Amino acid sequence: MSAPMLEIVGLTKTFPVRDGLGRSAGAVRAVDNVTFSIPRGQVYGLAGESGSGKSTIARMIMGLTPPTAGDILLDGENITGRTGTRAYGRKVQMVFQNPGSSLNPRRTVAQSIAVPLDAHGHPRRERAGRIAELLDMVQLPADFAERYPHELSGGQKQRVAIARALAVAPKLLVLDEPTSALDVSVQARVIDLLVDLGRQLDLTFLFISHDLSLMRNFAQQVGVLYLGQIVETGPTAEVFTDPQHDYTRLLLASVPVISAEEEAMRPKIPLIDGEIPTAEKLLALRQAAKP
Amino acid sequence: MSQALLSVDNLSVDFSTYGQTHHVLKNVSLDVPARSQIALVGESGSGKTVTMKAIMGLLRQPPATIAGGRIFYDGRDLLTLPDKERLKLRGTAMSMVFQDPMSSLNPVFTIADQMTTILKYADRRLDRQRNGRDRLARVHEVLTQVRMRDPERVARSYPIMLSGGMRQRVLIAMALLSEPKLLIADEPGTALDVTTQAQILKLLKDLVEARGLALLMITHNLGVVRETSSYVYVMNKGQVVEHRPTAELFAAPREDYTKALIAAVPRLTGGTRFGTAEVAP
């Protein structure tokens with residue numbers, strides 16, 4: 001039994017809160033004791049709404065934000081505090097939500113893909129060949145190398161972003177809402193591509209999304225984040241057919257669906273007023289759930 | 001045929017840019033009967049927003065030109081109506097709920113300021129007599145209708161002080177100010193979280209039903225179509241490719257485009273297969 005590709009243990013992040021005069025006014029726990037692991041070759045879905053802490057978790061895994069507490073293990077090796085280093089960057093890469101802003105408009109596709117290659121000391125003379133290979137992997141024509149982002153459609157841009165993430169042959173891809181800016185038919189093709197690439201390259205995915213219907217079909221395991229905590233986790237099919245937590249039920253009840261079968265599996269609970277995750281909303285939920 | 005509250009009849013719109021003419025809408029026809037809930041669904045670039053803008057008279061001409069067709073509201077052709085008459089309808093008899101609540105609200109005025117201003121100009125166009133206090137009372141009234149718990153506090157707030165869901169409800173309240181008969185909603189709630197979007201859609205549906213309004217829901221989300229409409233028009237490349245009762249469309253889509261669109265939606269029940277490669281045995 002090999003170690004999981006990614007293991008997160010008790011990950012916590014608190015941000016200081018300051019009042020109007022810059023004095024300390026306590027702290028907010030954005031991520032609170034989060035633990036999960038992703039077996040090699042699998043897709044783990046993190047579901048949550050704005051303010052749930054899902055992006056902060058992604059930032060900590062990518063080494064963009066230092067965790068307050070907890071450990072990150074990659075391939076069995078504890079790499080807490082060493083995330084964001086080059087050696088780590090070769091193993092973990094990220095695809096961002098909006099390819100319109102994650103690609104530099106002044107760089108051609110080839111130049112964008114060359115950035116990670118150069119940063120990781122890829123031999124110069126093999127660069128063009130590697131870029132052609134990567135474009136082929138994401139099913140874009142080779143002549144796209146000389147195009148600028150504005151000449152590409154949304155789906156094509158996201159393919160370029162995927163090619164860039166794959167340039168250094170990582171083991172783990174963090175996908176932060178990779179298709180939420182795309183039309184549904186384009187989304188389907190991009191997910192097709194990710195599934196194919198995952199099989200070919202033996203990739204492991206952390207898939208962050210609020211689209212539960214997509215998550216149901218893409219992720220084997222799912223964790224539902226609420227107020228910085230994972231309130232429910234397990235195999236996607238189980239969590240979706242038999243949700244245990246009130247918030248998971250509310251999320252599922254809120255998904256707009258297109259068939260009677262889907263409607264039948266949505267929990268029948270009243271939609272609660274209230275906004276971004278708050279303790280009050282949770283309280284209201286609990287009260288509504290009571291008979 | 002002309003019984004519908006809103007009727008778009010063979011509308012064609014061209015856009016001229018850099019000497020080239022693009023046929024953006026090609027013979028689009030659709031009907032929105034009074035008290036009905038109609039959806040117009042399509043992907044980016046399908047022409048749904050151009051259709052909406054043509055109906056509301058918001059198309060910039062040039063670059064756009066109406067190449068043909070008519071748009072009837074309550075039996076009157078909007079395209080031949082004098083500007084002054086058309087202004088009396090826009091934002092009053094027919095009004096819009098916009099998509100992005102942050103960019104549709106002015107950040108430097110309070111909600112009450114913005115809403116009373118809208119009302120003031122609507123009153124002026126329609127020769128209604130109403131003083132400032134009555135206008136503010138009306139603002140509080142519609143904010144209550146969109147289920148704001150504390151309408152007076154919301155009215156005093158600046159947009160930044162409200163959450164996304166509350167801002168979207170303010171936009172709905174704005175659309176209701178002059179008691180319209182037709183609401184055109186452009187992807188309301190898509191910028192919001194899924195639980196908030198569900199609340200907004202339910203609110204919109206409840207309001208439309210309770211007040212006997214007609215709703216034209218413009219969206220790219222087939223789930224939203226199913227939840228909010230009884231009849232649907234599917235657009236692709238500037239044309240209506242299929243239009244039928246919503247339940248029928250999902251049960252048995254006829255056109256290849258509609259079939260492909262429905263097949264691309266991942267199902268909450270699972271079973272959507274992703275990946276083109278054969279699964280290794």
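A, B, ... follow the sequence lines: proteins, then strands. Residue 1 opens every chain. These numbers come from the heavy atoms of this one structure, side chains and all, not from hydrogens, waters or symmetry mates. As the structure is a computational prediction, the values presented were derived from the model and not from experiment.
When A:L182, A:D183, A:V255, A:I191 are compared by the number of non-hydrogen pairs under 4.5 Å with chain B, A:D183 comes out ahead. The candidate with the highest count of non-hydrogen atom pairs below 4.5 Å against chain B, out of A:S185, A:A264, A:G198, A:S180, is A:S185.
Counting non-hydrogen atoms of neighbouring residues, nucleotides and ligands closer than 6.0 angstrom, the NZ atom of B:K53 reaches no more than 12 such neighbours.
Using a 4.5 Å cut-off between heavy atoms, A:A260 touches chain B through backbone and side chain atoms alike. For a residue to count as touching a neighbouring chain, one of its non-hydrogen atoms must lie under 4.5 Å from one of that chain's; by this rule A:L252 touches chain B with backbone and side chain alike. With a threshold of 4.5 angstrom between heavy atoms, B:L203 does not approach chain A through any atom at all. B:E227 touches chain A through its side chain: at least one heavy atom from C-beta onward sits under 4.5 Å away, while N, CA, C and O do not.
Looking at B:T21 and B:D14, their side chains never bring a donor and an acceptor atom within 3.5 Å of each other. A donor-acceptor contact closer than 3.5 angstrom is absent between the side chains of B:T196 and B:D193.
Interatomic distance, B:Q168 CD to B:I172 CD1, rounded to the nearest 0.5 Å: 5.5 Å.
Contact detail for B:M115 and B:V139: the closest heavy-atom pair is CB-CG2, 3.6 Å.
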